[in-house]
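These notes are about the structure you will find just below.
Keep in mind that the numbers below use all heavy atoms, side chains included, and drop hydrogens, waters and symmetry copies.
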Amino acid sequence: MTLNTATHEFKPATQNLLWLKVLPSTLRKAGVAFSLLLSLTWMISSPALAQDAATEDEELLAVLDVDSLYQLMAPEPVYGRTAIELLRELETKHYSPVTFDDNFSIEVFDNYIDVLDGSRLYLTQSDIDAVNDMRETLDESLKNGDLQPAYKIYNLYHRRVLERLVWTVKFVENELNSLDFTVDEELVIDREDAAWATSTAELDELWRKRIKNSTLSLSLTGMEMAKIEERLSKRYRNQLTQVAKTNERDVFQAYMATVARTVDPHTSYFSPRDSENFNMGLRGSLQGIGAQLTSEDEYTKVAELIKGGPAEQAGELKAGDRIIGIAQGTDSEMQDVIGLRLDDVVDQIRGEKGTLVRLNILPAEATSEVGAREITIVRDTVELSEQFARSEVLEVDIDDEMYRIGVITLPSFYFDFEAASAGLTDYRSSARDVRALLEELKQDDVEAVVVDLRYNGGGSLNEANELVGLFIESGPTVQIRYSGQRNGFVRSYGDADPEMVYDGPLAVLVNRASASASEIFAGAIQDYQRGVVLGGQTFGKGTVQEIIPMDYGQVKLTRSKFYRISGASTQHRGVLPDIDFPDRYQAIETMGESNLDGALPWDTVRPVEFRSYHPLRQIIPELQERHELRAEADPDFIYLEGTVQRMIEARERKTIPLQRDMLKARRDADRREAFDANNARLQAKGLPLEIWRDEASEEDAEADAAEDIAALDDASDEEEQEEDDPLLLESGRILVDMAELLGNPMTAAHDSTHVHAAVNTLELSEQ
């Protein structure tokens, strides 16, 4: 099922999907912590076999012998053939000319090393020297389908990781008491540009400091050293177990993805397994039992059941249960899955709609396999509802008058190509869903609409085009510049439907994580002066990718660039909002397309003809002035501005002190500053104040001591989650101002004084 870019018609067969999206890996590279939601299905095995597998792993780890844990990995024949095919696709179909020469080889080598050990924590200079002879020859190896060099590099890295984790476990279990927290020393946070260690002893010292940081963070909670040792031992032993499960497929995926990303940051290779996960995200659905899984010790644990999924409806599987075995159908033998990799478990649980899977589960409350029991679940289509468009009505109070503002939150531009290709009429489409939500909001008598595209990384180009069409009568929405045989040809996409589903006041809310298709929509609304764009500068991804099936997996490669109807590219620069809001991503200096290696340059094309809907540019200065007057006195905006500044200051720190009093003083000062700022916000809003705690909770300390030493990215307070989003509220106020300045003022839904009176009465009665 693919999108025909020439006709806007969906056709089956060989054409490719146009895709505009920032993948989580790209966002991580840009400095954003992203988490992928995997809604999956499980498997089961007999208690006896499960116990044997667990015992075997425990015995292996008890020895802590690297030679026993290490397995030499080698490429399978299909991997070499796929490498040749990938190069051919890149060379013949990528937007920019690709030459596989020594320079390309050097880039692949450096990127591969950076992917494996970007923080210089495992390999030494002598290790790099041992593989440096491949630095200029990887291009020739790839052309010949020879992946042995990539596996040689990975095998060396894999052994060093095992050695380091074994050393770490032994240090924690035998030498933790040797740490001296009175010594004035520090740990370097960002080691991306650090020199390679010249010896194993130098790495030992680096890891001693890392362990010391984790130990010190836990000890500041009052945790005793014996408990700290137990906690850290379990952590590193679990990491060692997972690393030991690395297989040939992992190496192949890592290397091919590196080769693809060397061409540009949005070109990617997906193995068959990763292809299914990628396509699942685009569809917004999967076929399985509907559960989120995680790994805990050697078990696969149910983290959460998806609402409405087959597992929840069956009622036998619960969050916290552990899956120890899986069997297919009614008669097949139960297979043990204790100690199995999570993705392998997922593969066994997924399956076609209507098929049956049997699970051997250990209930959350059970303390041994004696309590295990078998359940049966029939697989079905599971919708990942959190990825779909949703709406709410927000009441905004302005001068004691309440205005009803509709909010549509769109997490991605999704489209179920497979269902549409199969002729199903109820296929999922973000534009169709938003159309329905707009009709509902109009029935709810909203006075204006905010389309919230914060954190929307993009998706289907056609969906972005269709979404713009809901808010304009007809006209162009985006321009595409092609490569290859059509090199230099620019074509405009547009909305031919004269119907305007919603014609009222409109705002688009974005931030630095809004990318690709989000930028097409926001840019078109801004160019048409159909609505105001609010928030932060967007990501700046102005390229279009196509998904091309291969004999083994698929490649997503850049085939074209898109431009606004004004002729400007969003590449690097993104969409600049009409009115800026505080954006936490301001503190992440590496966020955005302009910070990605190999990103294509910014340029322009000729603008196309289009008409403006409102004279918004004339009233923006007045809207800005009114917004600033409110923001200066708004407790939430004051707090958000302060939070961004504190994050910037925290990220500018290069080291973490490892002397107890110094670290405690810094942590207490940081906590006190954030605490005072939030209490000032709460007091100004008339809300209950927080109570200061002298010590951070154990959970906070665990977060501080996590392997991402530099984690200071998110200073958000949990209390805000229970209050109305201040950015949405201010978006509503700006829309009220906009309607007034355009000569069509909104009508308040009701007077808010009776609401305040009711609240005051309730507070008095509670007192």
Side-chain angles (χ1 to χ4, degrees), residues 8 389-394 404-410 412-415 429-454 456 458-479 492-510 514 516-535 538 562 564-566 570 575 577-579 608-617 619-620 728 731-732 734-736 738-739 742 744 746:
H8 285 189
R390 59 186 182 273
S391 67
E392 63 177 310
V393 176
L394 200 64
R404 292 172 62 79
I405 308 296
V407 177
I408 293 179
T409 301
L410 185 64
S412 69
F413 288 82
Y414 51 86
F415 183 82
S429 156
S430 53
R432 286 170 50 151
D433 288 349
V434 170
R435 174 187 285 269
L437 293 174
L438 286 171
E439 296 292 354
E440 292 175 4
L441 289 174
K442 288 192 295 185
Q443 294 297 317
D444 286 337
D445 297 324
V446 300
E447 291 285 331
V449 168
V450 178
V451 178
D452 188 353
L453 298 182
R454 288 176 294 177
N456 184 323
S460 166
L461 169 64
N462 190 69
E463 290 298 299
N465 175 62
E466 295 288 333
L467 195 70
V468 176
L470 301 180
F471 299 95
I472 65 173
E473 291 176 346
S474 63
T477 59
V478 65
Q479 300 186 78
S492 65
Y493 275 56
D495 170 48
D497 185 352
E499 178 191 9
M500 187 187 296
V501 177
Y502 174 75
D503 61 0
L506 176 66
V508 183
L509 185 56
V510 295
S514 305
S516 297
S518 293
E519 295 172 291
I520 287 178
F521 179 80
I525 296 300
Q526 190 176 60
D527 287 338
Y528 272 109
Q529 296 190 67
R530 174 63 185 85
V532 289
V533 177
L534 311 172
T538 61
F562 68 80
R564 295 168 61 159
I565 55 177
S566 61
T570 62
V575 175
D578 297 308
I579 297 177
V608 294
E609 291 186 6
F610 62 93
R611 73 177 183 87
S612 297
Y613 280 80
H614 306 289
L616 292 181
R617 293 193 181 98
I619 67 170
I620 290 297
L728 287 175
S731 298
I734 290 174
L735 284 172
V736 174
M738 185 177 79
L742 290 176
N744 188 24
M746 296 183 192

Test ring-ring contact (aromatic ring centres under 6.0 Å, His included) applied to Y502 - qualifying residues, sequence neighbours left out: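 By the ring-ring contact (aromatic ring centres under 6.0 Å, His included) rule, Y502 matches no residue at all.
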Salt bridge (Lys or Arg N to Asp or Glu O under 4.0 Å) pairs, two or more places apart, involving residues 444-454: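 Listed by first then second residue: D452-R454, R454-D725.
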Would you mind reporting whether [Y] and [X] have side-chain heavy atoms less than 4.5 Å apart?
X	Y	answer
Q526	R564	yes
L534	P577	no
Y493	L461	yes
V451	I525	no
T570	I520	no

Residues 434-441 side chain polar contacts: donor-acceptor under 3.5 Å, at least two apart:
from, atom 1, to, atom 2, distance (Å)
R435, NH1, E499, OE1, 3.4
E439, OE1, K442, NZ, 3.4

Positive for ring pair (Phe, Tyr, Trp, His ring centres under 6.0 Å) with F521, one of F471, Y528, F562: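 Result: among F471, Y528, F562, F471 is the only option passing the ring pair (Phe, Tyr, Trp, His ring centres under 6.0 Å) with F521.
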Gap between atom NE2 of H614 and atom CD of Q529 - 0.5 Å precision: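 That separation rounds to 9.0 Å.
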side-chain hydrogen bond (donor to acceptor under 3.5 Å, both in side chains) partner of N456, the single match among S430, S518, S516: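 Only one option passes, and that is S518.
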Donor-acceptor pair between T477 and D495 side chains, under 3.5 angstrom: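 No.
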